[in-house]
Amino acid sequence: PFEGVAWTPRPPQGPPQGCFACIAKPPALRQASPILSPSSAVYLMESKSCKGDSLRAAVPCKHSVEKKTMTNPTTVIEIYPDTTEVNDYYLWSIFNFVYLNFCCLGFIALAYSLKVRDKKLLNDLNGAVEDAKTARLFNITSSALATFCIILIFIFLRYPLTDY
C-alpha cells in the first residue's frame, strides 16, 4: 500500500512537554475526508508515539493552569496527648505516707496520686494535671515538714532543754 513512499526521519524533539494527563492520552484521530482514498487517509492519522505531530497544531496543556491552583490533598491525623507524661508521684506519696506522714499530709498526697491515675485512665488530661500538681504540693509539704521535725529532734537530742 505504501509503494514509492519515502520516509524521512524527524529531528529529535526532546521530552514531551505538558502534564502527564496530556501526554498519556492517546492522540485524537482526525476524520478522513470522504473524497480521499483510504491510502491517502493514512497520512492524516497521528502516531501515538509522537506528541508534536505536524498534522496537529501545538495546543498548550490545559492542565498547566489547573496545576497552579490545585492543592495537594492532606491527611489529618489527630494525635491525642500522651497521658504517660503526667507524673502521678505515686511512689513519693507511698514513701511519705509510710515514713513521713506529718499531720496526715502523706495520706492526702497518696489520695491525690490515686486520683491522677484514675483520671489518666479516663483520658481526663486537664484534671490529671491539676491533681498531679496538688499531689506534688502535698508531697513537698509533707517531706519538708517531716524533715524539719527530724532535724529538730536531732538538735534537741544533742542539746537537751535542761541546760537552759
Side-chain angles (χ1 to χ4, degrees), residues 10-30 45-53 55-164:
R10 293 187 184 174
Q13 296 178 345
Q17 301 296 324
C19 68
F20 180 75
C22 292
I23 295 171
K25 250 193 289 187
L29 301 177
R30 288 191 184 175
M45 289 195 283
E46 292 181 337
S47 168
K48 288 185 179 183
S49 63
C50 304
K51 176 120 173 94
D53 207 336
L55 297 176
R56 182 175 64 185
V59 178
C61 176
K62 66 180 179 180
H63 298 99
S64 61
V65 176
E66 294 175 14
K67 279 184 194 176
K68 294 176 186 173
T69 58
M70 287 175 50
T71 58
N72 292 335
T74 54
T75 303
V76 177
I77 299 173
E78 293 183 18
I79 300 174
Y80 295 102
D82 191 13
T83 57
T84 59
E85 293 178 4
V86 179
N87 196 353
D88 55 4
Y89 305 107
Y90 186 66
L91 293 177
W92 191 12
S93 299
I94 289 177
F95 179 79
N96 281 338
F97 177 64
V98 173
Y99 296 109
L100 306 175
N101 197 10
F102 183 81
C103 295
C104 295
L105 291 176
F107 176 72
I108 296 171
L110 181 62
Y112 274 103
S113 295
L114 292 173
K115 283 178 68 175
V116 171
R117 285 194 168 193
D118 291 341
K119 289 185 179 182
K120 280 170 52 174
L121 288 175
L122 295 174
N123 286 330
D124 181 15
L125 187 62
N126 293 332
V129 168
E130 291 300 317
D131 287 341
K133 288 179 183 178
T134 307
R136 185 182 63 208
L137 177 69
F138 278 112
N139 278 321
I140 290 171
T141 307
S142 177
S143 298
L145 289 175
T147 305
F148 181 70
C149 286
I150 290 172
I151 291 172
L152 280 178
I153 289 172
F154 281 125
I155 289 174
F156 285 124
L157 286 177
R158 175 76 176 116
Y159 305 106
L161 288 176
T162 57
D163 292 341
Y164 299 109

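Keep in mind that the numbers below use all heavy atoms, side chains included, and drop hydrogens, waters and symmetry copies. Predicted model, so just to flag it, every value in this text is computed and none were measured.
- Put simply, OG on Ser142 and CZ on Phe97 are 11.0 Å apart, with the number rounded to the nearest 0.5 Å.
- Aromatic ring pairs are classed by plane angle as parallel below 30°, tilted from 30° to 60° and perpendicular above 60°; the pair Trp92 and Tyr89 is perpendicular.
- Among residue pairs with one or both ends in residues 86-97, those qualifying as salt bridge (charged side-chain N to carboxylate O under 4.0 Å, His left out) are Asp88-Arg117; sequence neighbours excluded.
- Between the NZ atom in Lys120 and the CG atom in Leu125 there is a gap of 10.0 Å [rounded to 0.5 Å].
- Ile94 is linked by a side-chain contact (heavy atoms from CB on, under 4.5 Å) to Tyr90, Val98, Leu110, counting only residues two or more places apart in sequence or in another chain.
- The side-chain heavy atoms of Leu105 and Asn96, taken from C-beta on, include no pair separated by under 4.5 Å.
- Annotation for Asn139 and Ala109: closest pair OD1-CB, 3.2 Å, computed over non-hydrogen atoms.
- Judged as a side-chain contact (heavy atoms from CB on, under 4.5 Å), and not counting sequence neighbours, the contacts of Ile150 are Leu100, Phe154.
- For Tyr112, the side-chain contact (heavy atoms from CB on, under 4.5 Å) partners are Ile108, Lys115, Asp131, Thr134, Ala135, Phe138, not counting sequence neighbours.
- Looking at residues two or more places apart in sequence or on another chain, you find a side-chain contact (heavy atoms from CB on, under 4.5 Å) between Leu152 and Phe148, Phe156.
- Every residue two or more places apart in sequence or in another chain was checked for a side-chain hydrogen bond (donor to acceptor under 3.5 Å, both in side chains) with Asn101, and none qualifies.
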